[in-house]
*Asks:* 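My questions all concern the structure below.
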Amino acid sequence: MRHFPPFSNTNQPTLTKLIISLIHSSKTTPQLHQIHAQIILHSLSHNAPLITQLISSSSLLRSLDYAAALFRRFPNPNSFVFNAFIRALSDNAHFNSAISHLAHMLRRGARPDRLTFPFVLRSVAALGEAGLGGVVHGLVVKVGVEMDLFVRVCLVDMYVKVGCLVGALQVFDESPERVKVGSVILWNVLINGCCRGGELGRAVAMFEAMPERSSGSWNVLIHGFLRVGDLGWARRFFDRMPREMKNVVTWTTMISGFSQNEDHEQGLGLFRRMLEEGVRPNDHTIVSALSACASIGALRTGVWIHEYISKKGLRLSRIVGTALVDMYAKCGKIDSASQVFEEVREKNLLTWTVMISGWATNGCSDLALQCFEDMRNSGIQPDDVVFLAILTACSHSGMVKEGLRLFNSMRFDHAIEPNVKHYASMVDLFGRAGQLEEALNFIENIPIKPDFVVWGALFCACRAHKNIQMAELASEKLLQLEPTHPGSYIFLSNIYAAVGRWEDVERVRLKMKSKSIEKPPGWSYIEVDGQVHRFLAGDKTHQRSREIFTKLEELTVRASAEGYNPDTKWVLHNIEEEEKEDALGSHSEKLALAFGIMSTPNGTPIMIVKNLRVCGDCHSLMKYVSMARDGLEHNFARVIVETDSVALKHLIQQDLARSMHRPSTALIKDFKELDMGCGKGINVRTFGQISLLPEFSYIANTCIHA
DNA sequence: CTAGGGTTAG
């Protein structure tokens, strides 16, 4: 924009219109600066419409500081200027400020109108301030704009979001009939409110009663069912929804909803169907699909989505890029993750966090630390989550000093108050390194109440370093904190088993039984030709069940011929169940792997063991991985273990992830076996991801490369 | 006299 059109002989209204259209077409803040300069040159800086437009455009371009400067310099802002600025504040999450500018507006004698309240109400909703909501509602009535549809919609929405369904219903009921009939959106907002308030029955009733329905109504209701985990009803309404009404939002809602309810396969199935039906995915869709891939380790599907993005020439946005990095990292393809990471322009904190924890969980602690340094050098301020990732990297690789340094730097250099997860990570850091006294001392000095995970970390360290007194102390705490958690008993039993106190093992087992605490069954997934199959222990429901069992028998025979003897020392014996499973030889992971081997003689079985609960499974699992490798021409198998068992996390982490860092020393027993099974020229590589957060899933990948 | 807009995919 070197040359401005000759303005001298243009009259003012035309000029204003011209400049407004120029502001509209601006794509960057510097362009706005140029236009602003011209506005000043033409003595138009008191022109309210122009400044209004400049404020909203700079807000759109994320330059709130500039918008604020424009607002402050404007001598007597009228309601237009105020409205634009309040909206800018609300759009940029400055909710308190947005609300206080309404008061400011009243003091300055600018009259709020039907376009002021929506953004103030949105801010109130975001803050969840029910009391403030009532005050603003009062003002709406006082100013006399409560019959405006836009305002009403925002009022209802506000009441919904501050958790006041009664208020929302009241505003809706008070709305004149013509408004209710004419406005689908008012219904949608209220149906959404009923869903959020957990009143699904009411939501359906309103849905059936409304005069006409557009896509949004269906989407809101389907989303409501998905949010409460009712996949069945979500599906029923989705199927009932007319085909031409299903838009990107509908499909994305379904994909991410199914995935968030742990049905990642159906989520991905829906994604495929969506493409078949010719609906174009957007960033939201891609991210949901990728996150489903990451959860179940569906690498092939993930790669396919990556190829789809490239093929369609879609720009690798920051959010999609971040999702891709995460997917590759969680599927164990850390080199691909790193490659994509380099391609992402304008990385933000999340992008860096994903990459850093990717390095950390894939066993590359020094690269994680390096990445953290790079992030700081690029001027991005770390938060509590990055620190958790980086502390994990330290504890995985035995860098106690570095971990302690970072922990202190977090508090003193960055003023980030550690939370319970950081404390757990520190206990893990000391404990893993064998500094048990330091770990215990640390727990005793933390300012908040240590939770199950903190004591669990100490316990696992005690077990690893065979300190039975401290282990008993820890497991006592665990039992106090979670008396019904099977893990509490398994912990205690394990430590007794480790030192051969079998009568104590039995005592714990009986105690557990008398309280009828049981471990829930584990299940396994395996991806074959991009299709994910799921198995339970002893599962005979698979179409090719007979073949699978035959294959499994063949593998079992071979395993024992190779001298495979399950080491049950670490297992909490649930005799009946174990015997049953062993007799059938049908642990879920064995079934899955047998199926994988028989289905992909030349391919890459990727197996996912889900919700694994018993420590011993890990052992047999490793054996089967090595067998899978034997059974494959390509000498490559991948196993992903997902569990919420703290004990198992630590076992796998110690047995697998650790040995990666010290490949030459102290290979754990499982590992020796695995190593032998692999034979010459095979490079065994393992990596584990540990999360100390119980709500996070745990994934350990094992790769055996030729 | 005039500029500016709402719900649903975390």
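Chain naming here is simple, since letters A, B, ... match the order of the sequence lines and numbering starts at 1 in each.
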*Asks:* Rounded to whole angstrom units, what separation is found between the CD1 atom of A/Ile23 and the P atom of B/dT2?
*Replies:*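 About 19 Å, once rounded to whole Å.
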
*Asks:* Quick one: is A/Asn188 getting a side-chain N or O under 4.0 Å of the B/dT8 phosphate, OP1 or OP2?
*Replies:*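 The answer is no; no side-chain N or O of A/Asn188 sits under 4.0 Å from OP1 or OP2.
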
*Asks:* Grab the two heavy atoms, one from A/Thr29 and one from A/Leu61, that are nearest each other, plus how far apart they are.
*Replies:*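 Heavy atoms only, the tightest pair is N-CD1, 3.9 Å.
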
*Asks:* If I take atom CG in residue A/Leu70 and atom P in nucleotide B/dG4, what distance separates them, rounded to the nearest angstrom?
*Replies:*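 Going from CG in A/Leu70 over to P in B/dG4 covers 17 Å.
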
*Asks:* Scan A/Arg87 against the nucleic acid and name what it touches under 4.0 Å (heavy atoms): base, sugar-phosphate only, or nothing.
*Replies:*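 Sugar-phosphate: the residue A/Arg87, judged by heavy atoms under 4.0 Å, touches backbone atoms but no base.
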
*Asks:* Please state how far atom CG in A/Asn47 lies from atom C1' in B/dC1, giving the value in whole angstrom units.
*Replies:*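 In whole Å, B/dC1 C1' lies 14 Å from A/Asn47 CG.
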
*Asks:* If I take atom CD1 from residue A/Ile255 and atom CD1 from residue A/Ile286, how far apart are they, to the nearest 0.5 angstrom?
*Replies:*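 Going from the CD1 atom of A/Ile255 to the CD1 atom of A/Ile286 covers 9.0 Å.
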
*Asks:* Assert yes or no for the condition that the ring centre distance of A/Phe172 to A/Trp187 is strictly below 6.0 Å.
*Replies:*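 They qualify: ring centres under 6.0 Å apart.
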
*Asks:* Please say whether more than 12 non-hydrogen atoms of neighbouring residues, nucleotides or ligands are located less than 6.0 Å from CZ in A/Arg345.
*Replies:*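 12 or below, so no.
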
*Asks:* Check the distance between B/dA3's C1' and A/His24's NE2 and give it to me in whole angstrom.
*Replies:*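 Going from NE2 in A/His24 over to C1' in B/dA3 covers 8 Å.
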
*Asks:* Using every non-hydrogen atom in the two residues, find where A/Arg318 and A/Val344 come nearest and quote the distance to one decimal.
*Replies:*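 For A/Arg318 and A/Val344, the tightest heavy-atom pair comes out as CA-CG1, 4.0 Å.
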
*Asks:* Please state how far atom CZ in A/Phe80 lies from atom C1' in B/dG5, giving the value in whole angstrom units.
*Replies:*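 A/Phe80 atom CZ is separated from B/dG5 atom C1' by 13 Å.
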
*Asks:* side-chain contact (heavy atoms from CB on, under 4.5 Å) with A/Val354: which residues, sequence neighbours excluded?
*Replies:*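 By the side-chain contact (heavy atoms from CB on, under 4.5 Å) rule, A/Val354 matches A/Thr322, A/Val325, A/Asp326.
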
*Asks:* For A/Trp352 and A/Phe341, I'd like to know if the aromatic rings sit close, meaning centre-to-centre distance below 6.0 Å.
*Replies:*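 Ring centres of A/Phe341 and A/Trp352 closer than 6.0 Å.
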
*Asks:* Starting the side chain at C-beta, find the nucleotide from B/dA3, B/dG5, B/dT7 nearest to A/Gln53.
*Replies:*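 So the nucleotide nearest the side chain must be B/dA3.
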
*Asks:* Heavy atoms within less than 4.0 Å of DNA chain B: which residues of residues 274-286 of chain A have one? Give them sorted by number.
*Replies:*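 When residues 274-286 of chain A is checked for heavy atoms under 4.0 Å from DNA chain B, the hits, listed by number, are A/Asn282, A/His284.
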
*Asks:* Considering every strand and a 4.0 Å limit on heavy-atom distances, what is the contact class for A/Ile20: base, sugar-phosphate, or nothing?
*Replies:*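 The residue A/Ile20 makes no contact with any strand.
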
*Asks:* For DNA chain B, which residues of residues 234-258 of chain A approach it to below 4.0 angstrom with any heavy atom?
*Replies:*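 Going residue by residue through residues 234-258 of chain A, the ones with a heavy atom under 4.0 Å of DNA chain B turn out to be A/Val249, A/Thr252, A/Thr253, A/Ser256.
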
*Asks:* Return no unless some side-chain N or O of A/His223 is found under 4.0 Å from OP1 or OP2 of B/dA9.
*Replies:*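 Answer is yes, contact under 4.0 Å.
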
*Asks:* Does the side chain of A/Ser259 pick up a donor-acceptor pair with the side chain of A/His264 at under 3.5 Å?
*Replies:*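 Short answer, yes.
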
*Asks:* Among B/dT7, B/dG4, B/dA9, which nucleotide has an atom closest to any side-chain atom of A/Asn83?
*Replies:*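 Output: B/dG4.
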
*Asks:* Tell me which residues in residues 209-221 of chain A lie within less than 4.0 Å of DNA chain B, going by non-hydrogen atoms.
*Replies:*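 A/Gly216, A/Asn219, A/Val220 - these, ordered by number, are the residues of the stretch whose heavy atoms sit under 4.0 Å from the strand.
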
*Asks:* Does the ring center of A/Phe238 lie less than 6.0 Å from the ring center of A/Trp233?
*Replies:*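 No, ring centres 6.0 Å or more apart.
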
*Asks:* Where is the tightest heavy-atom contact between A/Thr253 and A/Asn219, given as atom of each residue plus distance?
*Replies:*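 Taking every non-hydrogen atom into account, CG2-O, 4.4 Å.
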
*Asks:* Taking all atoms of both residues into account, what is the closest heavy-atom pair of A/Leu268 and A/Ala289, and its distance?
*Replies:*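 Smallest interatomic distance, heavy atoms only, reads CD2-O, 3.5 Å.
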
*Asks:* How many Å lie between CZ on A/Phe74 and C1' on B/dA3, as a whole number?
*Replies:*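 So the CZ-C1' distance, A/Phe74 to B/dA3, works out to 12 Å.
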
*Asks:* Please report, rounded to the nearest Å, how far the P atom of B/dG4 is from the CZ atom of A/Arg111.
*Replies:*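 Rounded to the whole Å, the gap is 21 Å.
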
*Asks:* Tell me, with the steps shown, if A/Phe207 and A/Trp218 meet ring-ring contact (aromatic ring centres under 6.0 Å, His included).
*Replies:* CA-CA 8 Å; A/Phe207 178 83; A/Trp218 293 89; 4.9 Å; yes

*Asks:* Using a 4.0 Å heavy-atom cut-off, does A/Arg152 contact any base of the nucleic acid, only the sugar-phosphate backbone, or nothing at all?
*Replies:*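 No contact.
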
*Asks:* Flag yes if more than 12 heavy atoms outside A/Asn419 fall under 6.0 Å of its CG atom; otherwise flag no.
*Replies:*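 Buried by this count: over 12 neighbours within 6.0 Å.
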
*Asks:* For DNA chain B, which residues in residues 155-168 of chain A have a heavy atom at a distance below 4.0 Å?
*Replies:*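 Heavy-atom contacts with DNA chain B come from A/Lys161.
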
*Asks:* Sorted by first residue and then second, give each ring pair (Phe, Tyr, Trp, His ring centres under 6.0 Å) pair with at least one member in residues 99-149 of chain A; sequence neighbours left out.
*Replies:*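 Only A/Phe71-A/His101, A/Phe82-A/His104, A/Phe85-A/His101, A/His101-A/His104, A/His137-A/Tyr159 qualify under ring pair (Phe, Tyr, Trp, His ring centres under 6.0 Å).
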
*Asks:* Could you state the atom-to-atom distance from CD1 of A/Ile319 to P of B/dA9 in whole Å?
*Replies:*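 Rounded to the whole Å, the gap is 14 Å.
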
*Asks:* Quick test of your reading of the model: are A/Lys161 and A/Asp157 salt-bridged, counting only N-O distances below 4.0 Å?
*Replies:*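 Looking at A/Lys161 and A/Asp157, the cut-off is met.
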
